[in-house]
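For reference, the structure is listed below as structure tokens.
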Amino acid sequence: MTYSLPKGTFDILPNQPEPWRCIEKWHHIERTIRMISHLYNYKEIRTPIFERTELFVRGVGSTSDIVSKEMYTFEDKGGRSMTLRPEGTASVIRAYIEKSLHMTPFQKLFYIGPFFRYDRPQAGRFRQFHQVGVEFFGEADPFADYEVITLALALYEALGLKHLKLMLNSVGTEHSRIPYRNALREFLLPHKDTLSEDSKQRLEKNPLRILDSKDPNDQKLLDGAPQMGDFLDEASRTHFEKLCSLLEQANVPFTVEPRLVRGLDYYNKTVFEIASDVLGAQNVLGGGGRYDGFLQQFNGPDIPGIGFATGIERILVTMEGQGAPFPRDRGPFIYLIPLGETAERISQKLLHDLRQTHIPADVHRGSKKVQKGLQTAELLGATYALVLGDNEIESKQASLKDVTKREEIPISLTSFIETLQPMWKQHAQL
Ligand code: AMP
């Protein structure tokens, strides 16, 4: 039997050509996420990878694609139904309520980690994928929507992404959606036979989801459909206008997309998505929305919230497609290449001293050919290589080879660490 990756998953390894498989690129994204979260004062939360199935059924909505088709659900040995988390908000809300985080008036949280959806794998869509998300609890004012949206844009900008499109809409309140849902159903009913199969099913249960349909025929039909904006209640309308003006004041470009509803049932007032021009069919980098009143569905307090989540794989694909810069991969600062037994012994001592002084270092093993050692140094992304042969040991003089510039710097082995320390400090700051 051969063992291979489950479909829709991938390994993340050192030095890979595709960025979404390359651990150094992931570290760069993760560092940037932590830096931006710190700037905006969001604290990290880590919740379990699996939760009771009921949490997601309640949290995501039983008519959503996620719950109806895509969950990894299993029975544990105690006979309880468990599900690998398909999204982040439900778990964060569960923890928020369970740990009474509402005792602090505002909570601003972020998470990073793997999520699971049983979907047809394709470019930009995996069965195990990774998201970073933020949740802002306790603020009903559009200022919170504005902050979450600008945090998302700041993250993309810090990663060098360009030409992104911010799309906004208001889906009103549960109450104001009732007449809209009816108007939309009435409009679509006479065309039921021409709707796609998915949309036919949604017509009765959740006609708003038809607005999300990717089917070109459905989209054409919807051109003349009634618009949510005409059904908004006064509070939602004012909220939306205030958000738009906050964004305008900050010169953040956006478009209002009257058909944007997003897949999840719990949103009210603001919904938004950010799309990238290089992602093709799966062009949505991230999205979010407001979920005031939603916590009560989990027997929690009536506290407003707004959140956002973005896929890390899609960020990486966009960065590659747009030629966004990645920092240079950092291998060892010094790569020692000993030639012979004495040199190996001395290398071990140097290696120990280097690591003791916190200078990243490694030693070449295997082939005793200088050329092979230098090639490996380059492959590992080392900054300097140091060849140690009989001559160098006898004279106590060696030369540091700059692996990329191919320059040589003479160095005395008697003051090796003292010479390297300031060089390393300067390098580490770059
Ligand atoms: P959602 O929770 O469906 O709103 O998704 C938020 C973001 O997560 C999307 O915009 C994608 O960037 C990412 N995402 C969702 N599902 C997948 C998937 N199956 N594979 C890769 N990324 C995904």
Side-chain angles (χ1 to χ4, degrees), residues 11-35 38 158-160 316 319-320 323-430:
D11 296 315
I12 307 170
L13 305 166
N15 294 320
Q16 295 300 299
E18 297 123 317
W20 66 94
R21 294 183 207 277
C22 178
I23 194 69
E24 291 83 359
K25 310 270 191 297
W26 282 80
H27 288 162
H28 171 55
I29 308 262
E30 287 161 11
R31 270 195 305 269
T32 311
I33 290 166
R34 289 177 199 287
M35 185 266 288
H38 183 57
L159 291 167
L316 283 161
M319 286 178 75
E320 191 193 29
F326 284 100
R328 205 159 45 92
D329 294 344
R330 297 203 165 187
F333 186 58
I334 303 289
Y335 193 64
L336 302 170
I337 306 172
L339 310 172
E341 264 176 45
T342 319
E344 258 173 36
R345 223 180 36 249
I346 291 175
S347 291
Q348 283 308 329
K349 166 86 176 90
L350 288 178
L351 196 62
H352 175 80
D353 293 349
L354 284 163
R355 290 171 175 169
Q356 283 282 305
T357 18
H358 297 169
I359 300 176
D362 208 349
V363 63
H364 184 67
R365 296 179 197 282
S367 161
K368 295 285 169 282
K369 293 207 170 70
V370 174
Q371 212 40 40
K372 192 82 197 143
L374 291 174
Q375 277 169 6
T376 314
E378 195 168 352
L379 208 72
L380 290 172
T383 309
Y384 292 110
L386 185 93
V387 178
L388 279 182
D390 292 343
N391 287 345
E392 283 81 5
I393 290 167
E394 237 165 70
S395 64
K396 298 200 174 353
Q397 272 294 327
S399 57
L400 278 177
K401 289 187 200 307
D402 185 314
V403 175
T404 44
K405 292 192 202 141
R406 304 198 177 259
E407 292 165 359
E408 298 202 6
I409 307 167
I411 188 163
S412 157
L413 293 182
T414 44
S415 54
F416 188 62
I417 301 286
E418 292 82 341
T419 314
L420 278 179
Q421 246 178 340
M423 290 170 71
W424 160 246
K425 274 195 184 136
Q426 198 188 7
H427 176 85
Q429 280 167 3
L430 291 178

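Residue numbers run from 1 in the order of the sequence given.
Rounded to the nearest 0.5 angstrom, Glu341 CD and Glu344 CD are separated by 7.0 Å. Note: Ile334 CD1 to Leu420 CG = 4.5 Å, rounded to the nearest 0.5 Å. Here the CG atom belonging to Asp353 is positioned 9.0 Å from the CD atom belonging to Glu418, to the nearest 0.5 angstrom. With values rounded to the nearest 0.5 angstrom, Cys22 atom SG is found 9.5 Å from Ile12 atom CD1. Separating the CE atom in Met423 from the CD1 atom in Ile411 is a distance of 6.5 Å, to the nearest 0.5 Å. The CG atom of Leu354 sits 10.0 Å away from the NZ atom of Lys349 when rounded to the nearest 0.5 Å.
The aromatic rings of Phe326 and His28 sit perpendicular, their planes meeting at an angle over 60°, well past the 30° parallel limit.
The two residues Ala343 and Ile393 make their nearest non-hydrogen contact at CA-CD1, 3.4 Å. Closest of all the heavy-atom pairs between Tyr335 and His364 is OH-ND1, 2.8 Å. For the pair Ser347 and Val363, the tightest heavy-atom approach, listed with the atom from each and the gap, is CB-CG2, 4.1 Å. The shortest non-hydrogen separation linking Leu339 to Asp390 is O-OD1, 4.5 Å. The minimum heavy-atom distance between Ala324 and Gly160, with the atom names listed, is CB-O, 3.7 Å. The two residues Glu24 and Leu13 make their nearest non-hydrogen contact at OE1-O, 4.3 Å.
Put simply, the side chain of Gln16 gets close to the backbone of Pro14: a donor and an acceptor are under 3.5 Å apart. Of the possible polar contacts, one joining the Ser412 side chain to the Thr414 backbone as a donor-acceptor pair under 3.5 Å is found.
Ile346 has its side chain out of reach of Leu413: every pair of non-hydrogen atoms, C-beta onward, lies at least 4.5 Å apart. Annotation: side chain of Glu320 is not in contact with side chain of Leu316 (no heavy-atom distance under 4.5 Å). Between Trp424 and His427, the closest side-chain pair of non-hydrogen atoms falls below 4.5 Å.
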* **Stepwise side chain to side chain contact (heavy atoms under 4.5 Å, CB included) check, Ile417 with Gln356** => CA-CA 10 Å; Ile417 301 286; Gln356 283 282 305; over 6 Å; no

* Take Leu159 and Ile29 through the test side chain to side chain contact (heavy atoms under 4.5 Å, CB included) and record every step on the way to the result. => CA-CA 7 Å; Leu159 291 167; Ile29 308 262; 4.1 Å; yes

List, one per line, each side-chain donor-acceptor pair under 3.5 Å for residues 373-387, sequence neighbours excluded.
{"from": "Thr376", "atom 1": "OG1", "to": "Lys372", "atom 2": "O", "distance (Å)": "2.8"}
{"from": "Glu378", "atom 1": "OE1", "to": "Arg406", "atom 2": "NH2", "distance (Å)": "3.1"}

